[in-house]
There are 2 protein chains.
Amino acid sequence: MRVRLEDVARATGVSPKTVSRVLNEESSVKESTRQKVLAAMESMNYRPSPAARGLAGSRSFLVAMLYDNNDNPASTYLAEVQDGVLDACDAHRYSMMACPLRMRGQDFIRRVDALVFDHHIEGVIMTPPLTDYAPLLQRLKEHGVPHSSISPVHREASIGVCMDEQQAAKAMVMHLVELGHRRIAHIVGIANHGASRWRMAGYKDALAAAGLPFDPQYVVQGEFSFGSGVLAARELFALPELPTAIFAANDDMAAGVMWAANERGLKVPRDLSVCGFDDTPLATQLWPPLTTVRQPSRDMGKLAALQLMEVLRGRGPGLLVQVPYALQLRESTAAAP
Amino acid sequence: MRVRLEDVARATGVSPKTVSRVLNEESSVKESTRQKVLAAMESMNYRPSPAARGLAGSRSFLVAMLYDNNDNPASTYLAEVQDGVLDACDAHRYSMMACPLRMRGQDFIRRVDALVFDHHIEGVIMTPPLTDYAPLLQRLKEHGVPHSSISPVHREASIGVCMDEQQAAKAMVMHLVELGHRRIAHIVGIANHGASRWRMAGYKDALAAAGLPFDPQYVVQGEFSFGSGVLAARELFALPELPTAIFAANDDMAAGVMWAANERGLKVPRDLSVCGFDDTPLATQLWPPLTTVRQPSRDMGKLAALQLMEVLRGRGPGLLVQVPYALQLRESTAAAP
DNA sequence: CTGAAAGCGCTAACAA
DNA sequence: TTGTTAGCGCTTTCAG
């Protein structure tokens with residue numbers, strides 16, 4: 001029924017172990033033997049059994065993608081990242097298990113242990129804020145499980161992928177400055193996300209570069225959700241001197257700002273310029289279309305997975321690669337009133 | 001290091017086979033023995049190895065979620081479904097592999113075979129339009145792999161979960177009728193989705209029930225994406241007599257309609273009522289908030305997975321369960337002008 | 001209702 | 001560079 005390693009060995013006239021070596025890309029096989037075996041595998045349509053490999057050896061060809069599912073707003077971000085990860089897995093014959101983790105309680109410990117012990121997960125890919133969740137990192141280290149991070153805060157010790165979000169945020173705000181805005185507000189994201197810090201830092205950098213004062217009144221706390229964007233905007237609209245531009249730390253909050261502007265009777269971009277960050281599909285589904293920073297989530301997922309696999313295959317220590325950002329200038333920003 | 005079945009057996013004073021029987025919930029074990037074994041498993045923190053179980057037996061405790069990733073627009077729908085599926089898996093100690101399938105070409109055959117052979121997938125959960133993709137169903141049947149469908153077109157032969165979308169669409173349109181609208185347009189979704197047919201049928205039902213004529217001019221083809229909604233709306237706006245209400249087959253297209261209305265200078269809902277279907281997060285992020293039909297995607301994912309597991313555990317033939325819809329009346333619909 | 005033996009398909013640790 | 005011998009942790013026969 002099923003073609004086994006042994007069958008390939010018999011057909012080739014070598015021992016099972018040699019076939020195994022070829023399968024695992026070990027270097028100590030004579031090239032001619034190697035070719036023979038490879039050919040036989042191909043023609044017999046041999047497909048190794050992950051279960052057997054996992055049981056006998058230490059490998060499972062399984063990676064897990066870990067993500068936080070407490071707050072769902074960014075579901076399209078996660079979907080894109082996952083898509084990229086799967087793409088990379090495909091290329092290296094790995095399989096991926098999706099694993100949402102609730103950060104509260106001890107639940108995640110159980111789940112991580114289950115992944116590692118039960119399934120012999122070889123490695124882990126994580127999205128923020130899990131990337132910097134100490135108890136989790138600790139546990140992974142204890143288990144000796146390599147991990148690759150997407151946009152981690154602590155970049156020194158990480159492998160994975162990142163973007164210069166601070167620079168991107170600065171560029172975004174500089175764009176507002178160039179349009180003549182002088183009262184520029186910022187809506188901050190959830191505190192434990194590196195993204196919130198970087199984007200805020202970029203905002204400050206831009207103000208400084210433009211010689212504009214930093215006014216705490218114009219900085220409001222949000223939490224990355226549409227609703228929090230609405231609330232933050234209302235707060236800003238209650239100020240004696242309204243900002244002429246608002247830079248929200250992500251698109252969902254920017255959408256909230258535009259909602260609140262509508263509610264308040266402010267016309268975007270005539271009375272108020274609005275911009276966000278991420279370039280989610282939402283950005284082009286708003287009226288007017290949202291100026292934002294494009295973050296290549298899909299590519300980031302793919303690159304993070306590829307880095308992990310480099311490590312798993314012993315090809316190197318793994319790197320933290322940086323992807324470029326791109327400003328998407330659309331109709332939600334215009335010259336200051 | 002690892003606690004094995006054998007360890008539990010030794011601790012309990014029974015044979016490994018008996019422990020195995022308890023583990024697999026076989027009925028032929030004396031209750032007292034069963035309790036003893038269960039207690040030992042608990043206290044020793046025994047966790048069976050899926051790899052070993054998969055290798056020795058026919059089970060793998062792995063299910064796959066298959067989805068189409070040609071068109072990404074509904075990524076939040078997929079994310080919600082996946083969340084529900086994972087929830088159900090968790091409850092029954094199953095693991096899930098996410099598996100995007102490209103419907104074009106023979107690629108999906110390879111992937112399905114890989115899933116079945118390599119990983120001994122026990123069952124499959126599918127979302128539209130895969131649920132009714134004949135070559136795929138054919139292949140699954142050949143492999144003897146049980147599958148559970150979410151909103152399949154062919155309901156007779158399916159297990160899984162569905163919603164009475166036709167009834168829901170009818171109710172949605174009846175709402176417009178009650179608001180006094182008489183020229184009600186409909187934007188249809190992608191042709192091979194059952195959803196498109198049902199929602200269109202419900203639209204017609206409502207017109208008939210209200211004694212309104214069915215005018216083909218007011219029915220425009222879309223493809224579930226925001227952009228297609230914009231195009232469809234422009235088409236409708238070019239008509240000599242504009243509709244006073246537009247029922248789009250999903251929220252993304254409804255958002256497109258609102259975008260186009262803005263572009264055209266039409267005020268929603270004063271000049272035009274707009275409603276959608278699905279109640280994605282987008283619905284409450286538009287201005288004005290979108291009237292739509294709530295579809296409990298997360299629950300649907302969970303229920304579909306639970307039905308599959310009923311089958312896998314030999315508890316029954318599996319059912320096609322129906323979930324209720326709910327109209328979400330918001331501010332995008334109002335009395336006809 | 002319970003147990004003993006055999007083996008799932010592969011790799012580890014040796015040897016040659 | 002290649003082969004041999006075990007055995008991964010569990011389930012399947014088949015007996016009792």
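A, B, ... follow the sequence lines: proteins, then strands. Residue 1 opens every chain.
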Could you check how far [atom1] of [X] sits from [atom2] of [N], rounded to whole Å?
{"X": "A/Leu55", "N": "C/dT11", "atom1": "CG", "atom2": "C1'", "answer": "10 Å"}
{"X": "A/Arg47", "N": "C/dG9", "atom1": "CZ", "atom2": "C1'", "answer": "15 Å"}
{"X": "A/Arg4", "N": "C/dC8", "atom1": "CZ", "atom2": "P", "answer": "7 Å"}

Heavy-atom side-chain contact between A/Thr127 and A/Thr131 under 4.5 Å:
no
Side-chain heavy atoms of A/Arg10 within contact of A/Arg4, under 4.5 Å
yes
Are B/Arg298 and B/Asp87 ion-paired here, with the side-chain N under 4.0 Å from a carboxylate O?
yes
With a 4.0 Å cut-off, would you call B/Lys302 and B/Asp299 a salt bridge?
no
Taking Watson-Crick and G-U wobble contacts under 3.5 angstrom, with | marking pairs to another strand and [ ] crossing pairs, the secondary structure of DNA chain C is written |||||||||||.||||
Under 4.0 Å between a side-chain N/O of A/Thr33 and OP1 or OP2 of D/dT2, yes or no?
yes
Does a nitrogen or oxygen in the side chain of A/Ser28 sit under 4.0 Å from OP1 or OP2 of D/dT2?
no
When you check the side-chain N and O atoms of A/Gln82 and A/Tyr67, is any donor under 3.5 Å from an acceptor?
no
Within a reach of under 6.0 Å around CD of B/Glu31, are more than 12 heavy atoms found that belong to other residues, nucleotides or ligands?
yes
Is the number of heavy atoms from other residues, nucleotides or ligands under 6.0 Å of B/Arg59 CZ greater than 12?
yes
Pull out every protein N or O sitting under 3.5 Å from an N or O of nucleotides 3-5 of chain D, one pair per line with the distance.
unit_1	atom_1	unit_2	atom_2	d
D/dG3	OP2	A/Ser15	N	2.8
D/dG3	OP2	A/Ser15	OG	3.0
D/dG3	OP2	A/Thr18	OG1	2.6
D/dG3	N7	A/Arg21	NH2	2.7

With nearest nucleotides of DNA chain C determined for B/Ser27 and B/Ala56 from heavy-atom distances, which residue corresponds to the more 5′ nucleotide?
B/Ser27
Using a cut-off of 4.0 Å on non-hydrogen atoms, how would the nucleic acid contact of A/Ser49 be classed: base, sugar-phosphate, or nothing?
sugar-phosphate
In residues 144-160 of chain B, what donor-acceptor pairs under 3.5 Å come from side-chain atoms, sequence neighbours left out?
unit_1	atom_1	unit_2	atom_2	d
B/Ser148	OG	B/Ala304	O	2.8
B/Arg155	NH2	B/Met163	O	3.2
B/Ser158	OG	B/His154	O	2.6

What nucleotide among D/dT11, C/dT2, C/dC10 has an atom nearest to a side-chain atom of B/Lys30?
C/dT2
